[in-house]
Structure formats: structure tokens, C-alpha cells
Protein chains: 2
Amino acid sequence: MDEIDELLSIRAAELYYEDNKTQDEIGQALRLTRWKVGRLLAQAKQRGFIRIEILHPRARRLPIERRLRDERGLADAIVVSSAGVGSSEELQARTAQAAADYLTAMRPVPRTLGVSWGRTLFEISQQLRNGWAIGVNVVQINGGVSLNRRPGTAAATAVGIAQKGGGSATLLPSPAILERLATKEAIEADRVVAGVIELARSADVFLFSAGAADRTSVHVESGYLSEADVDELVRKGAVGDVVGRYIDSDGNIVDPALDARTVGLTLDELRRAPIGIAVISGPAKHAVADAVVRSRLCSVLVTDEATALHLLDG
Amino acid sequence: MDEIDELLSIRAAELYYEDNKTQDEIGQALRLTRWKVGRLLAQAKQRGFIRIEILHPRARRLPIERRLRDERGLADAIVVSSAGVGSSEELQARTAQAAADYLTAMRPVPRTLGVSWGRTLFEISQQLRNGWAIGVNVVQINGGVSLNRRPGTAAATAVGIAQKGGGSATLLPSPAILERLATKEAIEADRVVAGVIELARSADVFLFSAGAADRTSVHVESGYLSEADVDELVRKGAVGDVVGRYIDSDGNIVDPALDARTVGLTLDELRRAPIGIAVISGPAKHAVADAVVRSRLCSVLVTDEATALHLLDG
DNA sequence: GGTAATCCTGCTCATATGAGCATCCGGCGA
DNA sequence: TCGCCGGATGCTCATATGAGCAGGATTACC
């Protein structure tokens with residue numbers, strides 16, 4: 001394409017998209033046939049001179065979703081648009097909104113939903129509308145009830161999701177990570193805890209997020225891990241955690257001893273789930289998102305545009 | 001429009017613009033009739049959810065051009081897009097390019113073109129292509145030959161425009177501003193100078209830019225004015241200069257004494273021109289652009305998007 | 001200079017889209 | 001309860017657009 005055609009295609013695009021002229025009118029104005037105008041417009045599109053953006057908090061990026069499904073083997077992918085996003089909080093909110101939308105639209109409606117907890121999950125629970133499901137039972141899939149800085153957000157998350165879905169919540173009454181292996185085994189042997197975990201295993205849908213392996217982690221904030229612990233995990237190759245279990249970029253457990261002291265479903269149990277929905281957004285979580293998808297921890301991914309593009313680049 | 005329709009219009013827009021589905025297919029997917037889909041898309045457009053941008057250095061903004069013509073009474077307006085612009089140099093280059101394009105496309109081809117000088121004019125002379133006109137005579141309309149920091153740019157501008165247009169240039173051999181009124185009158189009385197000015201008056205098209213009234217002005221750089229002079233002009237209400245003559249926001253001469261010592265066409269002579277093309281871009285020149293348009297110093301304006309919107313806001 | 005391959009152009013025809021209009025539905029006053 | 005009104009809905013029909021194709025121009029190569 002030479003320069004003259006490039007310029008013509010721009011003039012045509014202006015008249016077509018900004019001035020709402022028909023291709024025929026443009027042809028008359030520029031002394032071209034309408035077919036030529038059509039071809040110029042097609043070329044302008046194809047060469048990327050024309051950008052069409054959908055500016056809305058609920059906008060998604062369907063072509064990227066398709067590529068994620070096809071190239072990364074996901075059962076489903078939801079990618080929210082980053083267009084016009086101001087803060088990372090807004091990105092987080094958009095992603096949580098999209099996750100809530102996805103849950104609401106699920107058919108068949110989930111009967112038993114296993115959930116983790118954290119900032120993302122809490123936001124999802126807030127975005128869900130009353131009546132999003134009819135009688136869904138929510139069960140926590142990992143520990144972490146008491147030690148939160150804002151006590152009760154883990155419980156509030158599960159209960160909120162359940163109430164708005166017209167069902168009840170089953171909490172896992174245990175810390176996330178215990179200091180001694182023996183204590184962890186004792187807790188898991190407890191009849192109530194064992195029952196909850198058993199129920200969790202039977203969930204037909206899991207909903208969880210992932211944390212980045214850095215000092216801002218909720219596990220540090222909650223006091224389950226020290227900053228030095230996290231540094232050590234990173235040194236061993238950790239890129240983040242899923243349901244409290246730290247993984248490397250291939251999705252393998254980084255520190256088996258630590259993992260053995262972590263209460264809740266194991267990653268393999270998560271992998272065997274019929275439907276596992278991971279909700280992961282923000283630049284800090286690119287690496288862990290990649291690990292989650294690569295190691296098939298989820299079958300459905302809800303994320304933002306930048307993270308999705310990162311997954312497709314690799 | 002309620003929230004459900006808003007969401008549907010976004011989903012429809014995604015399928016239509018990103019996935020290239022037909023409205024009918026979208027209707028099947030979303031369980032709507034194709035007419036409903038059409039209306040949803042129209043609403044999404046109308047409510048501004050859909051933004052179509054043309055990303056190209058030569059892209060223009062036709063709707064803004066139309067408004068400038070209609071609302072500000074210009075014979076013609078060229079507005080270059082600011083989309084994806086990096087530096088103010090790039091904006092300047094785009095505007096100069098657009099001015100060169102406009103000159104090249106002019107019909108009838110100008111026979112005698114009166115030009116001022118400055119950074120913008122020099123850039124236009126560079127952007128013009130060989131053979132942009134057939135035998136155009138270029139004449140300088142204001143003084144300023146010798147005192148430039150880069151000597152000869154004023155001359156190079158006029159000569160370059162003329163040569164590429166297959167014609168010759170007539171330079172105005174005079175400083176821009178003289179220190180004494182008597183000297184200025186003596187120079188204008190000179191046979192050669194008087195002849196050039198007479199020729200300039202007869203030009204069928206004028207091409208000029210405008211300078212901001214600040215210390216970065218070419219008149220300060222060239223030494224015709226001191227920084228203190230400019231400060232004083234600003235104090236008197238100057239917003240910028242056209243062909244070396246400083247005006248206030250209504251287009252009136254700010255300092256008649258200074259103006260009397262300035263060599264070249266007067267503003268009233270400029271206003272009487274059949275076609276006067278002003279090329280003005282950059283945030284620093286919003287005020288002077290407004291003054292130029294308001295006081296009808298030009299009939300054609302070439303500018304950038306931000307400046308154009310500033311003119312329309314007022 | 002001749003020939004072939006390639007690209008470009010402008011047609012026919014099928015399809016997609018938008019304008020205008022009759023109809024339907026839900027709310028409201030009599 | 002009835003009938004009226006305003007807005008939404010889905011039709012008909014005219015128009016706009018895109019795909020495919022045959023002829024013509026242009027270029028590269030011999």
C-alpha cells in the first residue's frame with residue numbers, strides 16, 4: 001500500500017466513522033468507486049488505524065477470551081476491559097463484578113459452591129445481587145477464620161454469598177496455617193472440621209482467587225506468615241498462593257513442610273473439581289495467574305485485559 | 001434506559017465490534033430480535049459507550065472542523081487529531097503537515113502566496129513536496145531577515161516553499177522591528193522594500209502563524225524584543241503576535257508605538273486578504289488562536305484538536 | 001518487445017442494516 | 001371494568017455493504 005492509498009484510507013475512515021457518510025458518498029467526494037472505498041476502509045481496519053473501544057466498566061474483551069480458551073485450554077475465560085481504568089482498585093472492582101456476573105449467569109445454577117477468602121472474594125460477595133441463585137450452599141475450602149485484621153471478613157464473604165443466593169454457609173473453623181504439623185493434623189481430625197472439608201470436596205463449583213508472593217499478601221497481613229517467611233518462599237521460587245498454598249511458576253508446591261501445615265483442600269483436590277473459577281487481576285498477579293492456568297488449577301479464569309495479554313504472550 | 005438494557009447494549013457492542021457478528025447472530029445469542037439489537041447498538045453509540053478513534057498522524061477531526069466553520073465563521077478549518085500524540089513537537093509536526101496538505105490541495109492553485117516566518121512556517125516549508133504547485137510566487141509579508149539565531153531560516157522558509165512550488169521567492173529585506181520610528185519609515189520608503197510590500201499586498205493567499213506572548217517567542221530569541229518588553233506587553237493585555245504585531249484577546253494592537261516600528265503588512269491589510277491561512281497549534285497558543293479567529297485575522301485555520309476545542313468552549 | 005504473473009478495478013448478487021409504521025402491552029383515570 | 005395513552009416491539013421495505021469474479025492494467029522477467 002503506498003502513501004497515497006494510506007492517506008485516502010484515512011480520509012475515507014474520517015468521513016465514514018466521524019461524519020457518518022455512506023461509502024458511496026465518500027466515493028463521490030474522493031472521486032473513487034464505492035468498492036474502492038470499501039477496500040480502503042477494510043485496509044485501514046486491518047492495519048490498525050481504526051481503534052474501536054467500548055468504554056464501560058462492564059465491558060469485556062471477547063477476542064482475548066477466545067484466545068485464552070483456545071490457546072490455554074480453559075473451559076471459559078472472562079476478560080474485563082482496562083479501557084479508561086483509573087486506579088488498580090477500579091480494576092479489581094471490575095474484575096469482581098465480572099466474576100459476580102459469571103456466577104449469576106451460570107447454568108445449571110451451582111448447588112454447592114466452595115469458596116476461599118481474601119480481598120477479591122470479599123468484593124465478589126459484595127457485588128452479587130440478592131437472588132443471584134436459588135438455594136446455593138456455600139462452603140469454605142481453606143482455613144483462616146480468626147486471625148484477620150478485620151475479623152470476620154472471611155466469614156462475611158461466605159455468608160454474604162450464601163445469603164444473597166438464598167442458601168446457607170458452612171464455615172471452616174480453623175486457622176489457615178498452623179505452627180506445628182501435629183496441631184494441623186489434630187484439627188483436621190476433629191469431627192466438625194473433617195465434615196466441612198468433606199463437604200468442600202463434594203462442591204460442584206469452586207471459586208477462589210490467588211495471592212501474589214510478596215509482603216502485601218493477606219497471609220502476612222493476617223499474621224500467618226512473617227515478611228521473612230515470604231522472602232524465603234520467593235527465594236525458593238514461589239510466585240504466589242492459591243487457597244493458602246504457595247506454588248512456583250509450574251504450579252508445584254514450593255515448601256511441602258509449610259503446605260502440610262496448611263488447612264483446607266489440597267491443590268490436587270482443587271484440580272479435580274468439575275468447575276474451578278479463578279478470579280485474578282492486577283499487574284502484581286501476572287506470574288501467579290500464569291502458574292494457575294499453566295498447572296490447570298482452574299477451568300475458568302476471570303481476569304483483566306493486561307493479565308490476559310500477559311498469559312498469551314508467554 | 002435501565003441497567004439491564006445498558007448491560008445488554010454493552011454485550012451487543014462487544015459481539016458486534018469486537019467479534020464481527022451480525023446483528024442477527026447477536027440477537028440469537030442474546031435472545032433478542034435483530035431490531036432490538038440494532039436499537040441497543042444505536043443507544044450504546046449515542047450514550048458514548050463506543051469510541052471510534054482514527055490513529056494516524058494525518059488523521060483529522062471533521063466534526064470539529066465543521067463546528068469551527070459553523071460556529072466561528074471560518075471559511076475552512078483543518079483540525080488534526082491529537083490521538084496517540086507523544087510530544088508537543090509531534091503535534092507541531094502534524095499541524096504543519098496538515099497545512100502543507102491543505103496548500104497542496106488548494107484549487108485554484110495560488111499564484112502569489114504571502115508568508116510570514118517562524119518555527120511553524122519553516123516546518124511547513126519542509127513538509128511540502130516538490131511540485132506541490134506549478135509556478136507559485138512567494139513573498140514575505142513581514143520583516144525579519146537577518147537577526148535570527150539560525151540565520152537564514154526566514155529566507156529558507158520562503159525560498160523552500162517557492163522552489164518546491166516551481167516558482168520564485170521575494171524576500172523582504174528588513175528587520176522585523178526597528179528601534180526608531182524614523183528608521184522604519186525610511187526603510188519602508190526604500191524603493192525595493194516598498195515594492196516588496198506592494199507585491200505582498202497583492203497576494204491572493206496569505207500563510208502565517210501566530211506566536212504566544214511569552215519569553216520563548218521568536219522575537220525574544222531573535223533579539224528584536226527583550227524579555228522585559230514581552231512582560232510589559234503581557235501586562236498591557238497581549239496574548240500573542242501575528243506577523244510581529246502583538247494583539248490582545250480582541251485582536252487589537254496592544255502597543256501602537258511598537259506596532260508603528262514593525263515592518264510588513266498591517267493586520268487590517270491581512271484581514272482584507274481573499275484567503276488568510278493561520279497555522280496555530282499547541283496549548284501555549286490557545287489564547288492567541290482565539291484572538292486571531294475572533295478578530296477575523298484568518299479565513300482558514302489549521303490547528304490541533306485541543307486548541308480547536310478550546311476555541312469552541314469559549 | 002513479448003509474455004506471463006500479479007494486482008487492481010468495477011461489476012453482479014446476496015446479505016446486513018436502518019427508517020418508518022402498525023401493533024401490542026402495561027399503567028392510569030373515569 | 002373499560003378505554004386511552006405512551007412507550008416498546010417486531011414487521012415491511014428501501015438502502016448500504018461485503019463477497020466473489022471476470023476483465024484490464026501493470027510489472028517482472030525473458
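Just so we're on the same page: letters track the sequence lines, and every chain starts at 1. These numbers come from the heavy atoms of this one structure, side chains and all, not from hydrogens, waters or symmetry mates.
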Is the count of non-hydrogen atoms from other residues, nucleotides or ligands lying under 6.0 Å from B/R119 atom CZ greater than 12? yes

If you check every side-chain atom of A/W35, which of C/dG18, D/dT17, D/dG18 has the closest atom? D/dG18

Take the protein atom CG of A/L15 and the nucleotide atom P of D/dA16, then report the distance between them rounded to whole Å. 15 Å

May I ask you to evaluate whether A/T33 reaches the phosphate of C/dG10, defined as a side-chain N or O under 4.0 Å from OP1 or OP2? yes

Examine C/dT17: is either OP1 or OP2 under 4.0 Å from a nitrogen or oxygen in the side chain of B/Y16? Give yes or no. yes

Could you check whether any side-chain heavy atom of A/E71 comes within less than 4.5 Å of a side-chain heavy atom of A/L312, counting everything from C-beta outward? yes

Which residue lies more 5' along DNA chain D, comparing A/T22 with A/R39 via nearest heavy atoms: A/T22

Can you measure B/L40 atom CG to C/dT17 atom P for me and round it to whole angstrom units? 14 Å

Taking the basic N atoms (NZ, or NE/NH1/NH2) and the acidic carboxylate oxygens, is any pair closer than 4.0 Å for A/D5 and A/K36? yes

A/L32 CG to C/dC11 P, in whole Å, measures 13 Å

Per atom distances to the A/R34 side chain, the nearest of D/dA16, D/dC13, D/dG18 is D/dG18

Once you round it to whole Å, what is the distance between P of D/dT17 and CD1 of A/I26? 8 Å

Expressed as a whole number of angstroms, how long is the span from A/D24:CG to D/dA14:P? 18 Å

Side-chain N or O of B/Q23 versus OP1/OP2 of C/dG18: is the shortest distance under 4.0 Å? yes

Could you tell me the separation between the CD1 atom of A/I4 and the P atom of C/dC8, rounded to a whole number of Å? 15 Å

Please report the C-alpha distance between B/E14 and B/R11 in whole Å, then the side-chain angles of each, then the deciding distance to 0.1 Å, and finally whether the side chain to side chain contact (heavy atoms under 4.5 Å, CB included) criterion is met. CA-CA 5 Å; B/E14 288 161 359; B/R11 296 285 156 261; 2.8 Å; yes

Partner of A/L103 by side-chain contact (heavy atoms from CB on, under 4.5 Å), out of A/V279, A/V109, A/V136, A/I277: A/I277

Using whole Å, report how far CG of B/L8 lies from P of D/dA8. 14 Å

Whole-Å distance, A/K36 NZ to C/dG10 P, equals 8 Å

